[in-house]
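Treat the numbers as computed from the prediction; the structure is a model and nothing was measured.
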Amino acid sequence: MAEEDNTETIRPEFPIGRVKKIMKIDKDINKVTSEAMFVVATSTELFLRLLAENSAKVAIEKKRKTIKLEHMRIAVKRHQPTSDFLLDSLPLPTQPLDRPATERTRSNPAPEKHLPVGTRRIDDFFRKPPSEDPVEINDS
C-alpha cells in the first residue's frame with residue numbers, strides 16, 4: 001500500500017520571535033534562519049517536556065502532588081546527558097526534603113561553584129542588564 005502524505009504542519013508552542021531574540025543574545029550569532037529557529041524551538045519544547053515528565057515521576061515516587069526543585073534535581077541527576085550541562089545551573093535547594101524542619105532552618109547555604117572561564121549560568125539570560133550611570137550634559 002502506498003504511504004499517505006501527511007500535510008499537517010508542526011508548529012512549536014514557543015513564540016519564534018522570542019526564540020530568535022534569545023538566540024541573538026549570543027554575540028557570535030549574526031543571522032538565524034527560520035529552519036534553525038524552528039529546530040531550536042521544537043528541541044526546547046521536547047527537552048522541557050522530558051524534564052517535566054521525569055520530575056513528575058520523581059514527585060509521584062516521593063508521594064507528592066507538587067513538583068518541587070528537589071524533584072527536578074533528582075530527575076536531572078538520573079538522566080546523564082541532562083545532568084552534564086544542567087545540574088550546575090539549577091539553584092541549590094534551600095530546604096532539603098529528607099531532614100526535619102528544625103534542622104532545615106539551621107543549615108548554611110553551600111558556597112556557589114565557580115564557573116569555567118567563558119561560561120555563565122542560565123539564569124543570567126533572564127536577568128535585566130544592570131543600568132548604566134546616567135550621562136550628565138552641561139549646556140554651558
Side-chain angles (χ1 to χ4, degrees):
M1 218 175 196
E3 189 175 322
E4 293 182 19
D5 289 335
N6 188 0
T7 58
E8 182 181 335
T9 58
I10 299 172
R11 296 190 107 162
E13 294 290 323
F14 291 121
I16 297 295
R18 178 106 17 112
V19 172
K20 185 174 183 177
K21 282 182 184 178
I22 293 171
M23 290 175 71
K24 297 276 257 174
I25 289 174
D26 188 346
K27 305 235 186 294
D28 295 335
I29 297 177
N30 294 325
K31 292 183 179 181
V32 181
T33 65
S34 60
E35 292 87 5
M37 286 187 297
F38 174 80
V39 169
V40 169
T42 306
S43 300
T44 304
E45 236 177 86
L46 292 172
F47 171 72
L48 288 176
R49 185 173 294 140
L50 172 80
L51 183 60
E53 288 171 356
N54 290 348
S55 299
K57 287 177 188 175
V58 172
I60 290 169
E61 289 171 10
K62 301 277 186 182
K63 298 183 173 126
R64 302 285 183 208
K65 292 183 179 180
T66 305
I67 298 173
K68 296 185 177 184
L69 174 62
E70 186 63 28
H71 302 140
M72 289 183 68
R73 290 185 68 81
I74 292 169
V76 168
K77 284 179 186 177
R78 288 181 183 173
H79 189 253
Q80 186 62 40
T82 304
S83 177
D84 289 343
F85 80 94
L86 187 60
L87 194 57
D88 291 336
S89 297
L90 286 174
L92 296 172
T94 55
Q95 298 179 346
L97 300 175
D98 299 341
R99 293 190 279 165
T102 56
E103 292 180 23
R104 289 183 206 162
T105 56
R106 293 184 210 144
S107 65
N108 295 332
E112 190 170 317
K113 288 185 178 180
H114 294 287
L115 297 174
V117 177
T119 61
R120 57 185 175 176
R121 293 180 56 94
I122 194 165
D123 53 349
D124 290 342
F125 284 109
F126 302 104
R127 287 193 186 127
K128 289 185 178 180
S131 60
E132 298 178 4
D133 295 334
V135 177
E136 291 183 27
I137 301 174
N138 294 331
D139 292 332
S140 307

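The shortest heavy-atom contact between I67 and M72 is CG2-CG, 4.1 Å. Contact between F14 and A41 at its shortest, heavy atoms only, is CD1-O, 3.7 Å. Annotation for L69 and P91: closest pair CD2-O, 3.3 Å, computed over non-hydrogen atoms.
Checked against side chain to side chain contact (heavy atoms under 4.5 Å, CB included), S43 has the following partners two or more places apart in sequence or in another chain: V39. Taking the side chain to side chain contact (heavy atoms under 4.5 Å, CB included) definition, one finds that A36 meets it with V32, T33, sequence neighbours left out. Taking S34 as the reference, M37 meet the side chain to side chain contact (heavy atoms under 4.5 Å, CB included) condition, with sequence neighbours excluded.
If you chain together hydrophobic residues whose side chains sit under 4.5 Å apart, L48 and I16 fall into the same group. No chain of hydrophobic side-chain contacts below 4.5 Å, direct or via other Ile, Leu, Val, Met, Phe, Trp or Tyr residues, connects L46 to V40.
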For the pair T82 and F47, evaluate side-chain contact (heavy atoms from CB on, under 4.5 Å) and give the outcome as yes or no after the intermediate values. CA-CA 9 Å; T82 304; F47 171 72; 3.8 Å; yes
Walk me through it: do V58 and R73 pass the test side-chain contact (heavy atoms from CB on, under 4.5 Å)? CA-CA 10 Å; V58 172; R73 290 185 68 81; over 6 Å; no
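Sparse packing is recorded around NZ of K21, with 12 or fewer heavy atoms of other residues, nucleotides or ligands lying under 6.0 Å away.
Within the model, atoms NE2 of H71 and OG of S55 stand 9.0 Å from one another, a figure rounded to the nearest 0.5 Å. Going from atom CG of L90 over to atom CG of L51 covers 7.5 Å, rounded to the nearest 0.5 Å.
No donor-acceptor distance shorter than 3.5 angstrom exists from the side chain of S83 to the backbone of H79, with no hydrogens or angles considered. Side chain of E13 to backbone of E45: no donor-acceptor contact under 3.5 angstrom is found.
Between K62 and I74 the shortest side-chain heavy-atom distance falls below 4.5 Å. Looking at heavy atoms from C-beta onward, R78 lies out of side-chain contact with N54 at the 4.5 angstrom threshold.
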